[in-house]
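Quick notes on the structure that follows.
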Amino acid sequence: MYPYKVGILTFHNVRNYGASLQAYALQRKMQDAFSHVEIIQYQNEKIQNELKLWAPEGASLSSYLKAALGAVFRFQKKRAFDAFNRTMLTLSAEVQKEQLPEFAKKYDILITGSDQVWCTSLTDYDTSYFLDFAGKDQVKIAYAPSFGDDPIPDISLVSYLNQMDLLTTREEIASQEFRAQLTQECTVVCDPTLLLDVAAWESIAAKRHCKKPYAFLFMIRPSKALIAKAETFCEEKGLQLISNKSFAFFQHPSPVDFLSWV
């Protein structure tokens, strides 16, 4: 094991299952090789503003009732994710953007990624995720960051990428867009969640919450058509339908519960 201090900058506190699990996986994998690994508790202002618990979409009574129900679920989800962060992640002290240059001096290696940390429309062009605050003597690694839905990576970001000691991306298209301007190779690698084997995930998954055979439906946005097809499928197979919009899921919404449901 190498006696180096590693700091990971990623989306670790956005109440998203993919984000939380990739952060956990990358940290756990790095802990196999390095003696001190922690996730830097930096939070993007734009993303945090979009995680408000109370979000009414109108002035009518029905809008307020809908917002109230949504707030109850978001609060339950926040509690579950906060508990996951406390117990499953090794976190640094909280740090603000202007504090990053001085705060990061304690790390020998800085890693940005994975997730959509390079999606500037998500972060409001926050170049912290390109490690712009890193010192010249620090090793800078980009592990599987994604540009998300940004169609063409901004060419002005190339200068940050050329300063990386190890540059990888999650999608081939991002590598292709920059290849002509890069002074080093850009490798396409897998998402951190795929670095851990089944046993590693089973070791942290919650106990099975539903005793009956079931099908699990995960939706980014509710879809009546998709739910109808899932209900037909479950009737044919004799399964109970559980979705991430259901009350059963609402009762157990943490990342370790998500692993159990899946």
To the nearest 0.5 Å, tell me how far [X] [atom1] sits from [Y] [atom2].
X: L21; Y: L259; atom1: CG; atom2: CG; result: 5.0 Å
X: L166; Y: C186; atom1: CG; atom2: SG; result: 9.5 Å
X: S159; Y: D132; atom1: OG; atom2: CG; result: 9.5 Å
X: M1; Y: H36; atom1: CE; atom2: NE2; result: 12.5 Å
X: M219; Y: K224; atom1: CE; atom2: NZ; result: 12.0 Å

Close side-chain approach of [X] and [Y], heavy atoms under 4.5 Å:
X: I111; Y: L131; result: no
X: E45; Y: D124; result: no
X: K46; Y: N49; result: no
X: Y42; Y: D126; result: yes
X: Q138; Y: Y107; result: yes
X: F258; Y: N244; result: no

Taking every non-hydrogen atom, the tightest pair across [X] and [Y]:
X: F11; Y: A23; value: O-CB, 4.5 Å
X: P253; Y: A80; value: CG-CB, 4.0 Å
X: R15; Y: K78; value: CD-CA, 3.4 Å
X: I47; Y: L122; value: CG1-O, 3.6 Å
X: P101; Y: K97; value: CD-O, 3.9 Å

Between [X] and [Y], what is the ring plane arrangement, given parallel below 30°, perpendicular above 60°, and tilted in between?
X: W261; Y: F216; answer: parallel
X: F218; Y: Y17; answer: perpendicular
X: Y2; Y: F34; answer: tilted

In terms of hydrophobic clusters joined by side-chain contacts under 4.5 Å, are [X] and [Y] together?
X: L91; Y: V37; result: yes
X: V6; Y: L100; result: no
X: I141; Y: V117; result: no

Among M30, Q31, K106, K5, find the residue that satisfies the side-chain contact (heavy atoms from CB on, under 4.5 Å) test when tested with E38. K106
Run through I109, L26, L110, T112 and flag the one making a side-chain contact (heavy atoms from CB on, under 4.5 Å) with I8. L26
Show the numbers, then the answer: is there a ring-ring contact (aromatic ring centres under 6.0 Å, His included) between W118 and F130? CA-CA 7 Å; W118 285 356; F130 291 85; 4.9 Å; yes
Using only heavy-atom distances, determine whether the side chains of N85 and H12 contain a donor-acceptor pair under 3.5 Å. no
Is the closest side-chain donor-acceptor distance between N44 and T123 under 3.5 Å? no
After noting the C-alpha distance and the side-chain angles of I204 and Y24, does the key distance pass the side chain to side chain contact (heavy atoms under 4.5 Å, CB included) rule? CA-CA 11 Å; I204 68 167; Y24 169 81; 3.4 Å; yes
Derivation and outcome, side chain to side chain contact (heavy atoms under 4.5 Å, CB included), residues F81 and V14: CA-CA 9 Å; F81 273 73; V14 294; over 6 Å; no
Only one of T10, N16, T193 passes side chain to side chain donor-acceptor pair (under 3.5 Å) with Q22; say which it is. T10
